[in-house]
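To start, the structure under review is shown below, and the notes come after it.
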2 protein chains.
Amino acid sequence: MQLPPLVQTFVLHFGEMGSRWGINRTVGQIYALLFVAERALNADEIVERLGLSRSNVSMGLKELQAWNLVRLQHVPGDRRDYFATPDDIWQIVRTLVEERKKREVDPTLTLLREILMQEPGSPEERHAQARLREMHDLFELFSGWYTDVRRLDTDRLVQLLSLGAKVQRILEVKDRLRLVPGRRRGSPTASD
Amino acid sequence: MQLPPLVQTFVLHFGEMGSRWGINRTVGQIYALLFVAERALNADEIVERLGLSRSNVSMGLKELQAWNLVRLQHVPGDRRDYFATPDDIWQIVRTLVEERKKREVDPTLTLLREILMQEPGSPEERHAQARLREMHDLFELFSGWYTDVRRLDTDRLVQLLSLGAKVQRILEVKDRLRLVPGRRRGSPTASD
DNA sequence: TCGGATTTTCAGAAATTTCTGAAAACCCAG
DNA sequence: CTGGGTTTTCAGAAATTTCTGAAAATCCGA
């Protein structure tokens with residue numbers, strides 16, 4: 001592995017972290033390398049920098065492409081494929097969340113719904129269903145929140161995150177307003 | 001594996017899902033089983049229901065305890081250990097997030113800070129640092145948001161999630177207020 | 001302290017995942 | 001077409017992770 005020390009530290013750490021998620025170590029390393037690279041890299045450059053076999057890099061890149069985490073680029077007059085991560089880090093976050101939702105949350109929700117359709121054959125099953133309904137509702141809540149929030153443009157999103165729990169105040173106001181009788185429909189927020 | 005079909009479906013799915021995260025299949029299965037169980041189970045009951053070896057179950061339970069995901073209980077007059085998941089599903093979510101933060105986000109933030117302290121020795125390293133600063137700031141933002149939001153009681157949290165992107169309206173109001181000249185210090189939110 | 005019940009440990013076996021080199025497939029300029 | 005440069009595939013090798021049985025440790029009532 002022939003890398004500036006600073007980069008190497010990060011690449012190794014990210015590889016380890018990757019293996020704690022579903023991603024394998026080398027895929028994590030490849031991604032880390034591309035993330036900090038000044039320009040798009042081709043497969044041989046990755047091989048050289050990380051000391052992996054050519055075929056391993058090929059498979060790693062294939063996987064990253066399947067996740068939509070790298071973009072394929074071409075350099076004029078060069079037939080090789082070059083790979084890069086999006087410049088906008090928020091785009092990366094969005095892709096990551098989107099893909100994990102697609103692969104993990106959605107199938108789980110489908111399964112839970114199926115289970116909840118079944119007729120329980122015993123008190124034990126009845127209890128299991130009740131428990132799984134709780135889980136289902138939780139996932140639905142998150143899922144709905146996400147499809148909602150995903151639309152926000154990045155500035156708004158950052159604003160919201162920076163606000164943190166201060167948003168709570170708004171809820172308190174909402175509560176107070178709710179106590180006022182005769183309140184009409186609409187958004188009982190600060191805009192009133 | 002001797003389980004009601006409905007439970008078995010869930011246990012198997014959850015096991016698979018577990019292995020897509022850092023958790024191994026059997027640990028996932030044990031957790032799933034405890035989650036839907038009507039009462040706390042002892043190790044032998046888990047062995048019997050999931051068809052695993054006694055030692056495997058022992059290690060799985062140890063791991064779940066290390067994650068604070070199961071509580072140890074005792075039945076009067078019985079020397080065996082019984083295990084259960086918290087009844088409150090939100091407690092489970094909180095533990096899960098807390099532990100993952102501790103194991104993944106915090107160490108990464110530490111590493112990123114260390115890297116950012118170093119003096120870049122080349123333009124390549126300078127660029128890598130700039131990129132990693134972006135990542136660092138992103139993690140800080142999430143981390144700060146989380147420490148803030150974690151304090152909210154569950155009702156408020158659910159309220160917030162249900163609200164979804166409608167919270168955006170509040171930001172719009174905030175913007176409008178900011179345009180008003182001569183505004184004094186304090187929180188220019190609904191609470192004014 | 002003893003003895004039975006229970007849990008934990010751990011070395012090796014089994015299963016799974018990752019990695020590699022060699023060969024095949026692809027792709028385009030000439 | 002053809003040929004060289006490039007990427008992909010894939011069977012087996014290597015590495016890692018998971019799982020097991022047997023033995024050791026622990027724990028507690030008598």
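These figures come from a predicted structure and were not determined experimentally. Just so you know, these numbers use all the heavy atoms, side chains as well, and skip hydrogens, waters and symmetry mates. Order of the sequence lines sets the chain letters (A, B, ...), proteins ahead of strands, with each chain counted from 1.
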TODO: Assign A:Asp44 to base, sugar-phosphate, or nothing according to its heavy-atom contacts below 4.0 angstrom with the strands shown.
DONE: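 It contacts nothing in the nucleic acid.
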
Open item on the list: By the 4.0 Å heavy-atom rule, please label B:Arg79 as base, sugar-phosphate, or nothing.
Closed with: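 Base, at least one base heavy atom under 4.0 Å.
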
Would you mind reading off the distance between [X] atom [atom1] and [N] atom [atom2], rounded to a whole angstrom?
| X | N | atom1 | atom2 | value |
| --- | --- | --- | --- | --- |
| B:Leu72 | D:dT26 | CG | P | 17 Å |
| A:Met59 | C:dT17 | CE | P | 14 Å |
| A:Arg25 | D:dA15 | CZ | C1' | 9 Å |
| B:His74 | D:dC28 | NE2 | P | 8 Å |
| B:Ile30 | C:dT7 | CD1 | P | 13 Å |
| B:Gln29 | D:dT18 | CD | P | 13 Å |
| B:Leu61 | C:dT6 | CG | C1' | 13 Å |
| A:Ile23 | C:dT18 | CD1 | P | 11 Å |

Open item on the list: Please verify the inter-ring angle class for A:Trp21 with B:Trp21; under 30° counts as parallel, over 60° as perpendicular, anything in between as tilted.
Closed with: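 Judged by the thresholds at 30° and 60°, the geometry between A:Trp21 and B:Trp21 is parallel.
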
Task: Position toward the 5' end of DNA chain D (nearest nucleotide), A:Arg80 or B:Arg54 - done: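 Result: A:Arg80.
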
Task: 5′-ward residue of the pair B:Asn24/A:Lys62 relative to DNA chain D - done: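 Checking each residue's closest nucleotide, the 5'-ward one belongs to A:Lys62.
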
TODO: Run the salt-bridge test on B:Arg131 and B:Glu134 with the 4.0 Å N-O cut-off and return the result as yes or no.
DONE: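 Answer for the salt bridge query: yes.
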
TODO: Examine distances only and state if a side-chain atom of B:Arg20 and a backbone atom of A:Arg103 form a donor-acceptor pair shorter than 3.5 Å.
DONE: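 Pair found, side chain donor or acceptor close to backbone of A:Arg103.
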
TODO: Check whether any side-chain nitrogen or oxygen of A:Thr26 sits under 4.0 Å from OP1 or OP2 of C:dC19, and answer yes or no.
DONE: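 Yes, such a contact exists.
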
TODO: Establish, with yes or no, whether the OP1 or OP2 oxygen of C:dT8 is under 4.0 angstrom from a side-chain nitrogen or oxygen of B:Ser58.
DONE: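 True: B:Ser58 side-chain N/O within range (under 4.0 Å) of C:dT8 OP1/OP2.
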
- [ ] Spell out yes or no: do the side chain of A:Ser53 and the base of C:dG21 have one donor N/O and one acceptor N/O closer than 3.5 Å?
- [x]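 When only heavy-atom distances are counted, A:Ser53 does not reach the base of C:dG21 through any donor-acceptor pair under 3.5 Å.
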
Open item on the list: Atom CZ of residue position A:Arg126 - does it have more than 12 heavy atoms of other residues, nucleotides or ligands inside 6.0 Å?
Closed with: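 Incorrect, the count does not exceed 12.
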
Task: Spacing of CG belonging to B:Asn68 relative to CD belonging to B:Glu99, to within rounding of 0.5 Å - done: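 Rounded to the nearest 0.5 Å, the CG-CD separation comes to 5.0 Å.
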
